[in-house]
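Working notes, beginning with the structure itself.
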Amino acid sequence: MGIFNNDKIKGILIDRGLNDISNETSEQVEAILGELDKKNLLRNDKRLLIKDRSDDSKISYLRALVEQNWILIAQNDKIIKLLLEKDKTTQGKDR
């Protein structure tokens with residue numbers, strides 16, 4: 001399954017500003033989202049039946065950590081792109 005063949009995954013990436021990530025990052029994100037989807041842990045997933053309030057709290061906490069990770073992935077991707085741009089301009093000045 002390619003990452004952009006799944007509308008649910010594509011929507012998640014777009015919501016988090018990750019629709020323009022590198023191929024390497026997209027492969028990792030696809031694996032993460034695939035695992036979360038298999039376990040019905042994606043946000044707003046109606047298939048997850050919670051029987052215990054403590055389970056609900058744990059799942060909410062884990063979902064918050066996942067959301068935090070999306071922020072970090074987006075920030076890291078931007079940093080990498082800026083560093084690559086800077087490297088290209090620096091190499092051009094050295095010639």
Side-chain angles (χ1 to χ4, degrees):
M1 159 181 113
I3 192 161
F4 294 108
N5 292 337
N6 184 322
D7 289 337
K8 186 177 193 178
I9 290 175
K10 184 177 179 181
I12 290 168
L13 293 177
I14 290 170
D15 287 349
R16 285 149 187 85
L18 295 170
N19 51 320
D20 190 31
I21 55 177
S22 69
N23 288 336
E24 296 85 9
T25 303
S26 69
E27 289 172 12
Q28 295 167 344
V29 168
E30 180 179 2
I32 293 166
L33 289 173
E35 282 300 312
L36 292 174
D37 194 33
K38 281 188 222 173
K39 303 291 183 192
N40 304 329
L41 292 174
L42 293 176
R43 187 173 61 167
N44 300 328
D45 198 323
K46 305 298 183 211
R47 297 174 292 175
L48 187 62
L49 299 174
I50 300 168
K51 298 176 183 171
D52 185 352
R53 277 186 69 83
S54 68
D55 287 344
D56 186 39
S57 296
K58 291 173 193 172
I59 290 168
S60 294
Y61 177 69
L62 291 172
R63 284 181 174 163
L65 289 174
V66 169
E67 293 299 324
Q68 178 183 11
N69 287 336
W70 297 134
I71 293 167
L72 294 173
I73 291 168
Q75 290 173 339
N76 287 336
D77 198 62
K78 286 179 186 176
I79 291 168
I80 290 167
K81 286 177 181 172
L82 288 171
L83 288 172
L84 289 172
E85 276 182 35
K86 183 175 180 166
D87 188 47
K88 286 179 186 176
T89 58
T90 304
Q91 286 179 1
K93 290 180 182 178
D94 291 341
R95 293 181 184 178

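Both backbone and side-chain heavy atoms feed into the values below; hydrogens, waters and symmetry mates do not.
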| request: Would you give the length of the straight line joining atom CG of N76 to atom CD1 of I71, rounded to the nearest 0.5 angstrom? | output: 12.0 Å

| remark: Connected to L83, directly or through other members, by ILVMFWY side-chain contacts below 4.5 Å are I79

| message | Restricting to side-chain contact (heavy atoms from CB on, under 4.5 Å), what partner residues turn up for I80, sequence neighbours left out? | response | L84

| task | Any chance you could measure I32, atom CD1, to I73, atom CD1, to the nearest 0.5 Å? | result | 4.5 Å

| query | Quick one: side-chain contact (heavy atoms from CB on, under 4.5 Å) partners of Q28, sequence neighbours excluded? | reply | none

| Cluster companions of L62 among Ile, Leu, Val, Met, Phe, Trp, Tyr (side-chain spacing under 4.5 Å) | Y61, L65

| query | Going by heavy atoms in the side chains, are D20 and K81 under 4.5 Å from each other? | reply | yes

| task | Please name all residues satisfying salt bridge (Lys or Arg N to Asp or Glu O under 4.0 Å) with K78, sequence neighbours left out, ordered by chain then number. | result | none

| Pairs flagged by salt bridge (charged side-chain N to carboxylate O under 4.0 Å, His left out) wherever residues 83-92 is involved - sequence neighbours left out | none

